Amino acid sequence: MKPSTTIIIGGGIIGLATAFRLAAKGAQVTIVERNTCGAESSWAGGGILSPLMPWQYAPEVNALCNAGIARYADWVAEIQTCSGIDPEYWVSGMHVLAPFDKAAAQVWCEANNWQYKLDDSELWLPDVAQVRNPRLIKSLRAAVLARGVRLVENTEIINIDIANNCVKSITTQKGKLFADTFITCAGAWSQQVLASTPPIKTIKPMRGQMVLFKAPVGTLQSVMYQQGVYLIPRLDGHILVGSTVEDVGFDKATDSKTREQLATAAFAMLPALRNAEFIQHWSGLRPGSPDNIPTIARHPEIANLYVNAGHFRYGVTMAPISADLIAELISGHTLSMDISAYQWRE
Ligand SMILES: Cc1cc2nc3c(=O)[nH]c(=O)nc-3n(C[C@H](O)[C@H](O)[C@H](O)COP(=O)(O)OP(=O)(O)OC[C@H]3O[C@@H](n4cnc5c(N)ncnc54)[C@H](O)[C@@H]3O)c2cc1C
């Protein structure tokens, strides 16, 4: 029997993770990406594998994050086996510094069986992991190629061509591409990509600015979070400081005032950072969704059109489960979890 063909629109972490899983199930997958894979939000993000203060999020967000977290170590090992590139998965733990709602934090940790240590000044979560997202992207890109996925990069999708409640093709500026199944994984641009069908009007860009320092190896050994600002150490001494959540449309500008604010908050949390070298300041556009709840669904009327987008602040964490779910949905296999909360919302 001829293998089914799938086109994935967008090659960020969600598109790459989806391709990696579908290719393992025998599908012939093509990713069509406007830039090079992973150059947008998935590169710009931090790679903490947990909501920052999980007790503040809806159960639908925590359910996906917890399922993603549970799969991460095996998922990263599978990717590395295919690619030979280490994504630097690291169970570094996370310190949440006061002030925060200690009672709510404790209730949440107990209810979710999370290891924790709570005292007057902080909550210590030893099992929180992180991944170096630019390395993960590089590793995933190589892994999907190793599984036979076709990458069509530097190619923008201009239209999804629909006739008789079915996607027939996609139009790119280089011509038309055909497949049996189409999945939109276009992050913050998903609404634009879906303009020719009832689009998902709930997904919109939410800018986040990040600042990068280089300190001696070992200056910081765990993620630190306090009042909206976090520090993420990398194994080679780099330390990321993030982030803002700005509703400014498709504007990836950065500004010196925000850089100062992030640096000042970071120096208060980790005074040794004052001696570190400033490396870079950038921003990325998260695929924002109401309450942080992504869409992982089949189109209500167009049978061969799916969406896997809108993961907002936690797309790196959710990627493995989100990819598994969409692959299960397409193949008709039993779903790993209930996805009724992640339906197509016009
Ligand atoms: C500052 C910041 C910090 C973050 N920190 C974390 C964190 O610590 N932990 C965590 O879990 N998550 C974090 N995130 C969120 C996470 O990065 C995102 O949720 C995730 O990257 C979304 O992945 P995606 O593949 O949907 O989107 P993207 O990576 O944006 O990929 C979408 C792709 O679609 C392509 N595309 C768009 N339109 C078209 C078109 N017309 N034709 C072809 N291709 C198209 C784009 O070029 C892009 O490559 C952070 C994000 C930011 C910005």
Side-chain angles (χ1 to χ4, degrees), residues 7-19 30-52 61 64-65 68-69 72 94 128-134 136-137 140-141 151-160 170-174 177 183-196 203 205-212 223 225 230-232 240-246 250 252 254 258 262 281-289 292 294-296 307-323:
I7 286 178
I8 294 177
I9 302 171
I13 192 167
I14 298 297
L16 287 165
T18 302
T30 300
I31 296 177
V32 186
E33 164 58 51
R34 183 173 50 196
N35 304 317
T36 49
C37 285
E40 294 289 352
S41 183
S42 301
W43 176 88
I48 303 169
L49 301 177
S50 168
L52 289 164
V61 175
L64 276 181
C65 284
I69 291 163
Y72 235 90
M94 177 163 74
V128 169
Q130 58 152 299
V131 70
R132 194 161 182 168
N133 40 303
L136 174 59
I137 290 297
L140 251 178
R141 186 181 178 283
L151 296 187
V152 181
E153 295 183 307
N154 302 305
T155 303
E156 179 167 12
I157 288 166
I158 295 161
N159 193 47
I160 299 181
I170 52 165
T171 303
T172 76
Q173 88 273 36
K174 296 177 185 168
L177 293 168
I183 313 171
T184 299
C185 301
W189 297 268
S190 294
Q191 196 185 126
Q192 293 179 348
V193 164
L194 292 165
S196 61
I203 299 179
M206 295 295 277
R207 185 171 73 190
Q209 297 191 42
M210 292 284 246
V211 180
L212 181 67
V223 175
Y225 174 85
Y230 52 76
L231 275 58
I232 310 172
L240 287 114
V241 179
S243 180
T244 55
V245 184
E246 301 167 80
F250 291 96
K252 285 203 284 182
T254 57
T258 299
L262 288 171
H281 177 200
W282 68 82
S283 82
L285 299 176
R286 305 178 185 91
S289 288
N292 247 286
T295 306
I296 307 167
V307 70
N308 194 7
H311 299 74
F312 203 171
R313 297 200 76 175
Y314 301 115
V316 179
T317 310
M318 293 170 176
I321 178 67
S322 210

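Atoms within a ligand are numbered from 1 in the order they appear, just like the ligands themselves. Throughout, residue positions are numbered sequentially from 1 according to the sequence presented. Being a predicted model, the structure only gives us computed values, none of them experimental.
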At under 4.0 Å between heavy atoms, which part of [X] makes contact with ligand 1: side chain, backbone, both or neither?
X      : answer
Pro287 : side chain
Tyr230 : side chain
Val32  : backbone
Val193 : side chain
Met210 : side chain
Ser243 : side chain
Leu16  : neither
Ala39  : neither
Gln209 : neither
Phe312 : backbone

Please list the nearest protein heavy atom to [atom] with its residue and the distance rounded to 0.1 Å.
atom                    : answer
atom 44 (N) of ligand 1 : Arg34 N, 3.1 Å
atom 38 (N) of ligand 1 : Trp189 CB, 3.5 Å
atom 27 (O) of ligand 1 : Gly187 CA, 3.6 Å
atom 40 (C) of ligand 1 : Ile157 N, 3.8 Å
atom 12 (N) of ligand 1 : Arg313 O, 2.9 Å

Kindly say whether [Y] contributes a backbone atom to a donor-acceptor pair with the side chain of [X] at under 3.5 angstrom?
X      : Y      : result
Lys174 : Asn154 : yes
Ser243 : Gln209 : yes
Ser42  : Ile13  : yes
Asn133 : Gly45  : yes
Thr171 : Ile158 : no
Gln130 : Gly47  : no
Ser196 : Ile160 : yes

Checklist line | Presence of salt bridge, Glu33 and Arg141, under 4.0 angstrom | finding: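 Looking at Glu33 together with Arg141, the answer is no, because their closest N to O distance does not fall below 4.0 Å.
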Atoms of ligand 1 less than 4.0 Å from [X] heavy atoms?
X      : result
Asn35  : 47 (O)
Glu156 : 41 (N), 42 (N)
Tyr314 : 10 (C), 11 (O), 12 (N)
Ile13  : 21 (O), 23 (O), 25 (O)
Cys185 : 32 (C), 34 (O)
Ile14  : 23 (O), 24 (P), 25 (O), 26 (O)
Gly208 : 1 (C)
Thr155 : 43 (C)

Next item on the list: Can you run down the side chain to side chain donor-acceptor pair (under 3.5 Å) pairs that involve residues 312-322, sequence neighbours left out, and say none if there aren't any?
Entry: Tyr57-Tyr314, Asn308-Ser322, His311-Ser322
Would [X] count as a contact of ligand 1 if the rule is a heavy atom under 4.0 Å away?
X      : answer
Thr172 : no
Gly47  : yes
Gly242 : no

Next item on the list: To the nearest 0.5 Å, tell me how far Leu16 CG sits from Cys37 SG.
Entry: 4.5 Å
Close side-chain approach of [X] to [Y], heavy-atom, < 4.5 Å:
X      : Y      : answer
Val152 : Thr172 : no
Thr155 : Gln173 : yes
Ile157 : Trp189 : no
Ser283 : Met210 : no
Gln192 : Phe250 : yes
Ser41  : Leu285 : no

Any nitrogen or oxygen of [X], side chain or backbone, less than 3.5 Å from one on ligand 1?
X      : result
Arg286 : no
Ile48  : yes
Glu40  : no
Thr36  : no
Glu33  : yes

Margin query: Can you check which of Gly12, Cys37, Ser289, Ser42 brings a heavy atom nearest to atom 23 (O) of ligand 1?
Written below: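 Going through Gly12, Cys37, Ser289, Ser42 one by one, Ser42 has the nearest heavy atom to atom 23 (O) of ligand 1.
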Checklist line | Option of least heavy-atom distance to atom 4 (C) of ligand 1 (set: Gly45, Ala188, Pro51) | finding: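 It is Gly45 that holds the nearest heavy atom.
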Note to self: Applying the side-chain contact (heavy atoms from CB on, under 4.5 Å) criterion to Val32, which one of Leu151, Ile170, Ile8 satisfies it?
What the structure shows: Ile170
Check: Between Ile14, Ile137, Leu49, which is the residue that forms a side-chain contact (heavy atoms from CB on, under 4.5 Å) with Val316?
Finding: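 The side-chain contact (heavy atoms from CB on, under 4.5 Å) with Val316 is passed solely by Leu49 among Ile14, Ile137, Leu49.
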Check: salt bridge (charged side-chain N to carboxylate O under 4.0 Å, His left out) with Arg286: which residues, sequence neighbours excluded?
Finding: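 For Arg286, no residue satisfies salt bridge (charged side-chain N to carboxylate O under 4.0 Å, His left out) once neighbours in sequence are set aside.
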